[in-house]
Amino acid sequence: MIDLGKFGEEFSLKGGIKYIFIIDPFITISTFFASHKFELIYSFSILFILLTLVLGRFFCGWVCPFGTMHHFFSFIFEKIGLYKKDNSLQNFYKWKYYILFFILFGAILGVNLSGYFDPLSIIVKGFGIFLLPVVSLLYKYQFLPYGIKDILFYYILGREEFYYSQAFMVGLFFLILLILNSYRQRFWCISLCPLGAFYGFLSKYSLFKINRKDSCNNCGICNTHCTVSANPGLDSFKSSECMLLFDCIDKCPRGSLGFSISTKKSDVDIRRRSVVISSASAIAAVGLMKISLMEPAKNQYLIRPPGSKPEGDFLALCIRCGGCMKVCPENFLQPAFLEAGLIGLWTPVGNPKFGYCIYNCNLCGQVCPTGAISKLTLNEKKKIVIGTAFFDKDRCLPHAYNVNCMVCEEHCPTSCNKISGKGT
């Protein structure tokens with residue numbers, strides 16, 4: 001919720017969407033590699049690393065909100081018969097490790113691409129830039145009951161109308177990832193998620209794992225019920241893929257599986273050649289992206305939020321989560337297309353065609369999770385020049401028609417007395 005306050009007072013943010021990222025070590029590490037900066041608050045992600053070393057890959061099965069969405073859609077697709085449940089082991093699960101190598105190696109070279117594939121960034125961006133505008137349109141055209149207006153818009157969403165220039169592209173990407181569950185359950189979690197790959201590496205060394213007891217007769221029932229094809233009933237059990245959903249334990253007719261301390265390690269079956277290819281691809285991609293980088297001074301449409309770091313640091317820190325755009329009261333901040341080159345896709349830019357930057361608002365700095373937008377005080381923010389206003393003398397009433405008008409002077413928040421509303 002956004003408290004707009006009174007004119008001249010600082011806006012306040014009734015919530016902490018940025019704190020969802022403090023449990024994300026993938027964002028923490030990739031941002032550190034790209035920017036060489038570390039926010040103290042993100043040391044909280046170390047707790048999840050330690051818990052993973054004890055329990056295993058519990059985050060993917062029990063904490064991740066994007067994983068929960070994929071689990072739900074997999075359940076729906078199975079119920080309506082869009083796919084037949086298939087738990088056979090495939091090599092798709094290796095892809096997420098190659099994506100992880102690609103992003104981390106790119107971050108070392110100074111380009112932070114983590115926000116495009118991090119599940120928490122995707123869900124914040126998907127809800128803020130795509131789903132909320134859809135809900136807003138449903139309400140606008142009276143497809144939603146009137147009674148939910150106060151609860152939904154004033155206490156949850158912050159405002160009634162949302163418009164984003166890249167909503168279609170963001171929504172298409174978001175929906176494609178969900179629709180992939182019609183091909184195979186939790187396809188994103190198993191095959192594409194770099195955060196899952198990071199936790200997979202850690203869970204190789206976890207203290208607790210699913211173990212077989214001597215009473216096991218190798219019936220294979222547990223393997224057929226394993227959502228992620230970790231094969232708990234075989235000697236080739238892949239603990240790095242196990243999300244601790246415990247379906248195998250529940251379905252075992254002999255009670256031969258348990259979650260206990262284990263010293264066995266599970267190797268991640270990844271070819272060195274593929275790792276080299278991923279790294280080389282990162283070098284090529286980073287080179288192409290940097291070539292396409294637009295100099296801010298040479299692009300009049302590249303207007304960054306007030307308090308943004310210098311462009312190079314900004315691109316290294318920004319994770320394209322869309323949080324700043326969601327809280328912008330006047331819809332001024334929009335996802336970039338090519339204003340900053342390919343490397344700046346979906347980073348926030350100001351677009352006066354959609355709205356304006358409110359003089360006494362610094363919400364974008366309050367919500368930014370990585371410090372790409374500094375948290376300015378209200379006085380600091382007021383001193384930042386975003387652009388220079390101009391007026392068309394052919395349409396201005398005093399200039400064109402010699403009519404007294406003081407509207408712009410009355411609305412000027414600085415009271416600088418440099419606007420004359422009198423005719424000449």
Side-chain angles (χ1 to χ4, degrees), residues 23-26 29 45-64 66-68 70-71 74 85-101 104 119 184-252 254-272 274-275:
I23 63 175
D24 190 337
F26 172 61
I29 293 174
S45 62
I46 297 175
L47 174 61
F48 280 79
I49 292 176
L50 295 176
L51 287 174
T52 302
L53 291 173
V54 175
L55 300 175
R57 195 174 156 185
F58 78 99
F59 181 91
C60 300
W62 296 90
V63 179
C64 181
F66 201 38
T68 301
H70 285 284
H71 196 82
S74 296
K85 194 171 183 179
D86 179 15
N87 291 327
S88 60
L89 184 63
Q90 302 180 46
N91 289 329
F92 291 145
Y93 77 94
K94 299 179 182 179
W95 293 359
K96 62 180 178 290
Y97 295 102
Y98 303 142
I99 293 173
L100 175 66
F101 292 137
L104 291 182
R184 192 181 183 210
Q185 56 186 338
R186 296 194 72 152
F187 186 87
W188 162 264
C189 307
I190 295 171
S191 305
L192 302 176
C193 181
L195 178 59
F198 179 80
Y199 279 125
F201 272 117
L202 294 179
S203 61
K204 287 173 47 180
Y205 308 98
S206 63
L207 181 62
F208 284 82
K209 295 183 178 70
I210 292 178
N211 294 297
R212 285 192 299 163
K213 301 177 183 178
D214 295 336
S215 58
C216 177
N217 63 353
N218 297 315
C219 66
I221 293 178
C222 57
N223 297 326
T224 61
H225 288 282
C226 179
T227 302
V228 297
S229 301
N231 294 331
L234 300 176
D235 293 333
S236 59
F237 170 53
K238 296 185 180 299
S239 61
S240 59
E241 302 305 307
C242 179
M243 299 181 191
L244 304 181
L245 301 176
F246 300 129
D247 290 338
C248 56
I249 295 178
D250 294 337
K251 300 297 182 180
C252 181
R254 302 171 66 91
S256 299
L257 292 177
F259 186 61
S260 58
I261 295 177
S262 174
T263 57
K264 294 181 180 179
K265 294 182 181 180
S266 172
D267 292 331
V268 179
D269 185 17
I270 299 176
R271 297 180 179 179
R272 294 182 180 179
S274 299
V275 175

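Remember, it's a predicted structure, so these values are computed and weren't measured experimentally.
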State whether the side chain of Asn218 and the backbone N or O of Cys216 hold a donor-acceptor pair below 3.5 Å, judged by distance alone.
no
One should read off an interatomic distance between Phe26 CZ and Cys193 SG, to the nearest 0.5 angstrom, of 8.0 Å
Going by the rule side chain to side chain donor-acceptor pair (under 3.5 Å), which residues pair with Thr52 if we only count those two or more places apart in sequence or in a different chain?
none
Those residues that, when tested against Ser191, pass side chain to side chain donor-acceptor pair (under 3.5 Å) (two or more places apart):
none
Checking Met243 against Thr227 for the side chain to side chain contact (heavy atoms under 4.5 Å, CB included) test, could you report, in this order, the C-alpha distance in whole Å, the side-chain angles of both residues, the deciding distance, and whether it holds?
CA-CA 9 Å; Met243 299 181 191; Thr227 302; over 6 Å; no
Shortest non-hydrogen contact from Cys60 to Arg186?
O-NH2, 3.0 Å
Restricting to ring pair (Phe, Tyr, Trp, His ring centres under 6.0 Å), what partner residues turn up for Phe246, sequence neighbours left out?
Phe259
Working to the nearest 0.5 Å, report the span between CG of Leu53 and CZ of Phe208.
13.0 Å
The reported gap from SG in Cys189 to CD in Glu241 (rounded to nearest 0.5 angstrom) is 11.5 Å
Could you report the tightest heavy-atom contact between Cys242 and Val228, atom names first, then the distance?
CA-CG2, 4.2 Å
Closest heavy-atom pair, Lys96 versus Leu192, reported as atoms and distance to 0.1 Å, is CB-C, 3.6 Å
When every non-hydrogen atom of Arg212 is compared with those of Leu257, the smallest separation belongs to CG-CD2, 3.3 Å
Flag side-chain contact, heavy atom, 4.5 Å: Phe59 against Ile23
yes
Would you check if the side chain of Arg57 reaches a backbone N or O of Leu244 as a donor-acceptor pair within less than 3.5 Å?
no
Listed by chain and number, what are the side chain to side chain donor-acceptor pair (under 3.5 Å) partners of Thr68, not counting sequence neighbours?
none
With rounding to the nearest 0.5 Å, note down the distance linking CG in Asp247 to OG1 in Thr224.
10.0 Å
Minimum heavy-atom distance Ser240-Ser203, with the two atoms named
CA-OG, 3.2 Å
By side-chain contact (heavy atoms from CB on, under 4.5 Å), Asn217 pairs with (sequence neighbours left out) Cys219, Arg254
Nearest 0.5 Å please: distance from the CZ atom of Phe48 over to the CG atom of Leu195.
10.5 Å
Are the ring centres of Phe92 and Trp95 closer than 6.0 Å?
yes
Can you list the residues that meet the side-chain contact (heavy atoms from CB on, under 4.5 Å) rule with Ile29, with sequence neighbours excluded?
Phe33, Leu104, Phe198
Roughly how far apart are Ile210 CD1 and Cys252 SG, rounded to 0.5 Å?
11.0 Å
For Leu207, the side-chain contact (heavy atoms from CB on, under 4.5 Å) test, sequence neighbours excluded, returns Ile261
Pro232 and Asn223, any side-chain heavy atoms less than 4.5 Å apart
yes
Among residues at least two apart in sequence or on other chains, which ones pass ring pair (Phe, Tyr, Trp, His ring centres under 6.0 Å) with Phe66?
His70, Phe174, Trp188
Report the C-alpha separation of Ser215 and Ser256 in whole Å, then their side-chain angles, then the decisive distance to 0.1 Å, and conclude whether the side chain to side chain donor-acceptor pair (under 3.5 Å) test is met.
CA-CA 6 Å; Ser215 58; Ser256 299; 2.7 Å; yes
